[in-house]
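This report refers to the structure that appears directly beneath it.
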Amino acid sequence: MSNRSSTESLKMDQLLPPLDDRLGPAAPLSTAAQAALIEQALDRSAAIPMQRMRRGLAFGGAAAITSAIIYALFRRWLRTSSNPVSPTKKEAAAGPSPMSDTLAKTVDPGVDSHAAVDRESVSPDTSSTRSTSAKRTSLRSTQDLLRMASERRRQKRFAEALQIYLQIVQQDPSSEESYVAKVAAGGLLLEKKKQPQSALRMFRSALRLRPQGTLTEEARMGICDALALLSDRTAEAQAIREFLAHHSDSPAKGKMEARLRQVTERLAR
Amino acid sequence: MRLIATPTSDPPLLPVPTVTSESLPPDPRILAAQQGDRKALASLLAELLPRMRNLIRYLIRGDSDVDDIAQEALIAIVRGLPSYRAEGKLTSWADRIVARTAIGWRRKERRIKDRERESAASPLTSAAELPDEYTLRRQAVARLDHLPDEQRQALVLHHMIGLSIPEVAAHFAVSQETIRSRLRLAQGKLQDLARTQDDSAKTENKS
């Protein structure tokens, strides 16, 4: 019996490939699409009501975060309604606090601290209150739009998702949502619409908007993929070199080096 | 035995083994992610995602639901991360959450409607450019697609994730003998399928 089991076990090793993070058996997914999947998951996780969070965090954590949100909203209300200039300058001098940074990312990802400083510093007159208020409404709605786009994407309604991403880009081109939307739209244009030129514009625009952003690697990878689809080998080789120079610790490093060798060989022929 | 804290109670929770002797120094990103650092969290998830997608594909038929399930599993991981104590490998911990999500997903799907079973893996447009290893894995998963769900899931949980037979039995709320029987049947069928494929390949070569 034990012999039989070990024989079967050996055969199972041959029949079942190992579970790892290499290619297969799941169908390939581009880095940009993976990044979009993760961003959507993070956005959806952030939208989950506090009472559904784990019991261990439900009381202390929720109370602390809620207080922080109320405090942040109160400070922002004070800043815009009373004196839009001085508190911003104080904040800029003091640098962003870890809590406000976390809040900006988890609760209100539409607010970019540097962009907010610039907007408020250059227009200290009373009209800035209205424009900032309008801007805030617009930022909120781009957040909603981003959620809608994620939902459409989840439902595989890619054309509608793409339209919403483009709307976000048009509505508030410098927001964090716009940055995410540009990378996501680039991925959809590339994979679903097979429009590498438009995808390229989106990825490059995202890189210009946030040169040190969290999706930089995905945007650069998207540029490489778009150029490959355009058969522009010289530009693709250059884009891969840039990718490797900026993301030397990327998990895709080996793959990209191999790809660079292939492209360089093709160019040499 | 410690259990994964996850937001819903159906299906039963999978046990998390404590692997203290093989534990590596904790990844600093884990602590940062537990404290709400979105960048660290995104980086961890990006590392886990390819393995997660592979495990999901081993557990379910066809490619169409893989990314939807992956997203649900990512959310479950984000929600459960505060409970992770770095006692075992993060991948082992995540594997159990992914398996639970994927198996739960199939259960939900079955409740809603009778889906037509996809007999084989979906074709890929650029399969010719993909490495042999990928093709072999697709062949293996195509064989798994012929197994009934219960046998397939027991096989993957036992042979791929490394759950013991009592753990698999506890997950499905059935006896250990039932799981042994499912594993025997699944192994037999997989071997038959592999033999049939070999025979047809030989016949094709001869002709």
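Note that this is a predicted model, so its numbers are computed, not measured. Naming convention: chains lettered A, B, ... in sequence-line order (proteins, then strands); numbering from 1 in each chain.
Here the closest non-hydrogen pair linking B:A70 and A:L37 is CB-CD2, 4.1 Å. Nearest heavy atoms, B:Y58 versus A:P18: OH-O, 3.5 Å. Listed here is the closest heavy atom pair of A:L16 and B:H159: CD1-CB, 3.8 Å. In terms of heavy atoms, B:Q191 sits closest to A:L15 at CG-CD1, 3.5 Å.
In this structure, the side chain of B:R57 does not engage the main chain of A:A27 through any donor-acceptor pair within 3.5 Å. For the pair B:R53 (side chain) and A:A26 (backbone), a donor-acceptor distance under 3.5 Å is absent.
By the 4.5 Å heavy-atom criterion applied to side chains, B:P50 and A:Q34 are counted as neighbours. Side-chain contact between A:P17 and B:L136: absent, with no pair of heavy atoms (C-beta onward) separated by less than 4.5 Å.
Proximity to chain A is absent for every atom of B:I56, based on heavy atoms less than 4.5 angstrom apart. Neither the backbone nor the side chain of B:L48 has a heavy atom closer than 4.5 Å to any heavy atom of chain A. With a threshold of 4.5 angstrom between heavy atoms, A:E39 approaches chain B through its backbone and through its side chain. Using a 4.5 Å cut-off between heavy atoms, B:D67 touches chain A through backbone and side chain atoms alike. Only the side chain of B:L49 comes within less than 4.5 Å of a heavy atom in chain A; its backbone stays farther off.
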Exercise for the section: Walk me through it: do A:K156 and B:D65 pass the test salt bridge (Lys or Arg N to Asp or Glu O under 4.0 Å)? Expected result: CA-CA 10 Å; A:K156 303 195 187 308; B:D65 287 340; 5.9 Å; no
Practice task
Could you check B:R137 against A:D20 for side-chain contact (heavy atoms from CB on, under 4.5 Å), going step by step and ending with a plain yes or no?
Solution key: CA-CA 11 Å; B:R137 289 177 177 209; A:D20 54 31; 2.7 Å; yes
Handout entry: Chi angles and distances behind the side-chain contact (heavy atoms from CB on, under 4.5 Å) call for A:D21, B:E47
Key = CA-CA 8 Å; A:D21 56 4; B:E47 207 168 283; 5.7 Å; no
Handout entry: B:L74/A:L42 under side-chain contact (heavy atoms from CB on, under 4.5 Å): CA gap, chis, key distance, verdict
Key = CA-CA 8 Å; B:L74 285 169; A:L42 289 174; over 6 Å; no
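Residue-environment remark: CZ (A:R22) stays at or below the threshold of 12 foreign heavy atoms within 6.0 Å. When the shell of 6.0 Å around CD of B:E177 is examined, it contains more than 12 heavy atoms from other residues, nucleotides or ligands.
Ranked by non-hydrogen atom pairs under 4.5 Å with chain A, the options B:L155, B:T91, B:V156, B:V66 are led by B:L155.
Residues A:R153 and B:D68 are not paired through a salt bridge, judged by the lack of any N-O separation under 4.0 Å between the basic side chain and the carboxylate.
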